[in-house]
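Beneath this line is the structure, given in structure tokens, with notes to follow.
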Amino acid sequence: MGRNGVTINFSGLDDLVRGFSRQPAVIKNEATRIINTVAGKVEKTAYQNSPKDTGYLSQHIMAEPKGALNAQVIATANYSIYLEMGTRKAPAQPYMDLPLKHMKKICTPCYQTC
């Protein structure tokens, strides 16, 4: 008998233990895929929401995978921050904030239940 009066012997768990040792990589890869998919959706929506005066800004919005569990969506036009945030003379024309808030609203319940 064990310390608490019960002894349980397990046998044949080698495959199970090996399966668990592989799971973190599988989970990490799937989470990375999901993050990249979300970044792509933010990119698409930001593109759709961006001002189209010349089209330069919308052509320079891109999602970039940044390794495992990390991606970024960037606008490389040198004036992109001024359109997003506004200036003292020009009101903000947010094109990136709205899709980020939308995806956060969708994704937050998913990872809070995990």
Side-chain angles (χ1 to χ4, degrees):
M1 277 212 221
R3 203 168 72 181
N4 293 326
V6 177
T7 300
I8 301 173
N9 293 315
F10 294 97
S11 61
L13 294 179
D14 296 336
D15 289 338
L16 181 63
V17 170
R18 276 193 294 277
F20 279 128
S21 68
R22 286 190 301 266
Q23 286 305 316
V26 170
I27 292 168
K28 186 176 179 181
N29 290 341
E30 183 63 14
T32 298
R33 186 190 67 74
I34 291 167
I35 289 168
N36 290 335
T37 300
V38 169
K41 289 181 180 187
V42 170
E43 173 192 22
K44 181 180 178 182
T45 308
Y47 172 86
Q48 293 168 343
N49 291 344
S50 65
K52 302 288 192 292
D53 294 339
T54 65
Y56 184 82
L57 173 65
S58 58
Q59 293 171 3
H60 289 84
I61 297 171
M62 60 193 81
E64 295 181 339
K66 297 303 252 182
L69 304 175
N70 196 357
Q72 67 179 11
V73 180
I74 59 171
T76 58
N78 61 355
Y79 57 87
S80 58
I81 190 68
Y82 303 116
L83 286 174
E84 179 71 24
M85 305 302 290
T87 66
R88 63 185 171 97
K89 293 183 179 182
Q93 299 177 54
Y95 56 92
M96 195 80 79
D97 188 50
L98 297 174
L100 287 172
K101 285 181 180 175
H102 177 70
M103 291 312 294
K104 182 178 179 181
K105 183 178 170 183
I106 291 171
C107 294
T108 299
C110 297
Y111 69 78
Q112 285 181 340
T113 59
C114 292

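Computed from a prediction, not measured in an experiment: that's the story for all the values here. For the single chain, residues carry numbers from 1 onward in sequence order.
Looking only at distances, a side-chain donor or acceptor of S80 sits under 3.5 Å from a matching main-chain atom of A75.
Sequence neighbours left out, not one pair with a member in residues 30-54 passes ring-ring contact (aromatic ring centres under 6.0 Å, His included).
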Donor-acceptor pairs under 3.5 angstrom involving side-chain atoms of residues 31-38: please list them, not counting sequence neighbours.
unit_1	atom_1	unit_2	atom_2	d
T32	OG1	K28	O	2.9
T32	OG1	L69	N	2.9
R33	NE	E30	OE1	3.2
R33	NE	E30	OE2	3.3
R33	NH2	E30	OE2	2.5
N36	ND2	T32	O	3.3
T37	OG1	R33	O	2.9

Distance-only donor-acceptor pairs under 3.5 Å for side chains of residues 84-92, two or more places apart:
unit_1	atom_1	unit_2	atom_2	d
E84	OE1	Y95	N	3.0
E84	OE1	M96	N	2.8
E84	OE2	D97	N	3.0
T87	OG1	K89	N	3.2
T87	OG1	A90	N	2.9

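Rounded to the nearest 0.5 Å, atoms CG (L100) and NZ (K41) are 14.5 Å apart. From Q93, atom CD reaches atom CG of D53 across 7.0 Å, with rounding to the nearest 0.5 Å.
Criterion: ILVMFWY side-chain heavy atoms under 4.5 Å apart, direct or through other members. Under it, I61 and I81 are part of a common hydrophobic cluster. Both Y82 and V73 belong to a common hydrophobic cluster when Ile, Leu, Val, Met, Phe, Trp and Tyr are linked at side-chain heavy-atom distances under 4.5 angstrom.
In terms of the ring-ring contact (aromatic ring centres under 6.0 Å, His included) criterion, residue partners of Y56 (sequence neighbours excluded) are, by chain and number, H60. Remark: K44 pairs with Q48 by the side-chain contact (heavy atoms from CB on, under 4.5 Å) rule, at least two apart or across chains. A search for side chain to side chain donor-acceptor pair (under 3.5 Å) contacts involving Q72 returns E64, not counting sequence neighbours.
Taking all atoms of both residues into account, the shortest heavy-atom contact from A71 to A39 is CB-CB, 3.8 Å.
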